[in-house]
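Okay, structure first, notes after.
Just so it is clear, the model here is predicted, and its values are computed rather than measured.
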Protein chains: 2
Amino acid sequence: MRGQALKGHLDLLLLAILADGAKHGYAVIDELRTRSDETFDLPEGTVYPALHRLDKAGLLASEWTVVQGRRRRTYRLTDRGRGALGEQRHAWQVFTGAVQSVLGGVSWPDTP
Amino acid sequence: MRGQALKGHLDLLLLAILADGAKHGYAVIDELRTRSDETFDLPEGTVYPALHRLDKAGLLASEWTVVQGRRRRTYRLTDRGRGALGEQRHAWQVFTGAVQSVLGGVSWPDTP
DNA sequence: ATACTATACCAAGGAATGCTAGGTGTCAAG
DNA sequence: CTTGACACCTAGCATTCCTTGGTATAGTAT
């Protein structure tokens with residue numbers, strides 16, 4: 001899939017992934033790829049800064065650990081993060097509903 | 001609804017609106033607001049540049065007319081535009097499907 | 001007459017955000 | 001001992017939507 005379509009929706013995805021338990025960045029990327037069936041194969045340069053942003057915003061909390069000589073920064077949802085996830089989930093439904101309404105307009109010549 | 005969520009999907013919406021017949025910019029804004037039940041109430045500064053972009057890209061063709069003393073720039077889909085609409089409609093479905101897969105992950109604590 | 005609203009267009013600049021490109025370092029396999 | 005997987009990071013670019021402000025006509029209200 002050609003990327004750049006998830007503008008503004010990445011936070012929702014990250015929060016959703018981390019809602020199932022704390023994970024470190026690399027694992028988040030992996031989980032995102034797996035769950036989306038390879039559709040979201042995001043570069044590190046996309047995910048790491050986004051995690052930092054959510055951390056700074058107080059929606060995530062991070063903690064350093066070392067596993068087999070490799071340092072990891074593990075993220076977990078804060079209470080505010082869980083609240084934000086609920087809001088963004090709702091916003092996503094409103095958004096997709098509105099798009100569907102526009103797409104399903106008058107004529108459907110190319111989507112049988 | 002708080003805007004800025006449609007990043008990257010505006011083109012799809014505009015093409016879909018114009019697929020039902022040629023319209024001028026102002027009418028496009030109107031139609032978008034009506035069809036989305038007020039969800040997409042886009043400022044002119046968003047829509048006009050986007051139409052210009054699609055025009056320049058060859059997905060739309062424009063034509064000046066004057067109606068009741070007011071000049072209008074009317075846009076219609078080109079063949080390439082119709083093709084792009086089909087592609088983007090498909091991409092939209094892939095995208096939403098993938099997001100749904102991520103959101104519907106393991107646990108659904110806040111969406112009964 | 002005059003002001004205001006709706007119609008109808010435009011461009012410049014800012015802000016957000018995802019991506020490219022590059023960098024560091026550990027560990028296991030070949 | 002080199003390659004690849006793991007694991008992290010930042011700087012700067014590009015895209016794109018929005019804010020702001022500008023122009024102009026027509027109809028309606030004051």
Least distance between heavy atoms, A/Thr74 atom then A/Ala22 atom
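Looking at all heavy atoms of both residues, the closest pair is CG2-CB, 3.8 Å.
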Within the 4.0 Å heavy-atom criterion, would you say [X] contacts the bases, only the backbone, or no part of the nucleic acid?
X	value
B/Arg72	sugar-phosphate
A/Gln68	sugar-phosphate
B/Gly25	sugar-phosphate
B/Arg73	sugar-phosphate

Between [N] and [X], is there an OP1 or OP2 to side-chain N/O distance shorter than 4.0 Å?
X	N	value
A/Tyr48	D/dC9	no
A/Arg53	C/dG18	yes
B/Arg71	D/dT23	no
B/His52	C/dC9	no

If I take atom [atom1] in residue [X] and atom [atom2] in nucleotide [N], what distance separates them, rounded to the nearest angstrom?
X	N	atom1	atom2	result
B/Phe40	D/dC17	CZ	C1'	13 Å
A/Leu54	C/dA16	CG	P	15 Å
B/Ile29	C/dC9	CD1	P	8 Å
B/Asp55	C/dC9	CG	P	13 Å
A/Tyr75	D/dC8	OH	C1'	9 Å
B/Tyr26	C/dA6	OH	P	8 Å
B/Leu42	D/dC17	CG	P	9 Å
A/Lys23	D/dC6	NZ	P	16 Å

Counting distance only, does the side-chain N/O of B/Thr34 pair as donor-acceptor with the main-chain N or O of B/Asp30 below 3.5 Å?
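Yes, the answer is positive, given that a donor and an acceptor are paired below the 3.5 Å cut-off.
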Would you check if the side chain of B/Arg35 reaches a backbone N or O of A/Leu103 as a donor-acceptor pair within less than 3.5 Å?
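No: the side chain of B/Arg35 does not pair with the backbone of A/Leu103.
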Scan side-chain atoms only and decide if A/Arg73 and A/Ser62 contain a donor-acceptor pair under the 3.5 Å cut-off.
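Checked: A/Arg73/A/Ser62 side chains pair up, N/O donor to acceptor below 3.5 Å.
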Rounded at 0.5 Å granularity, tell me how far CZ in B/Phe95 sits from CZ in A/Phe40.
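So the gap between those two atoms works out to 5.0 Å.
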From the options A/Thr78, A/Leu10, A/Asp11, select the one residue that forms a side-chain contact (heavy atoms from CB on, under 4.5 Å) with A/Leu54.
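Testing each of A/Thr78, A/Leu10, A/Asp11 against A/Leu54, the sole residue satisfying side-chain contact (heavy atoms from CB on, under 4.5 Å) is A/Asp11.
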Taking the side chain of [X] as its heavy atoms from C-beta onward, which of [options] lies nearest to it?
X	options	value
B/Thr46	C/dC9, D/dA26, D/dC18	D/dC18
B/His24	C/dC9, C/dG18, D/dT25	C/dC9
A/Pro49	D/dT10, C/dC9, D/dA7	D/dT10
B/Glu44	C/dA8, D/dC8, D/dC18	C/dA8
B/Lys7	D/dC17, C/dG25, C/dA6	D/dC17

Most 5' of A/Gly69 and A/Leu10 on DNA chain C, judged by nearest nucleotide
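Its nearest nucleotide being more 5', the pick is A/Leu10.
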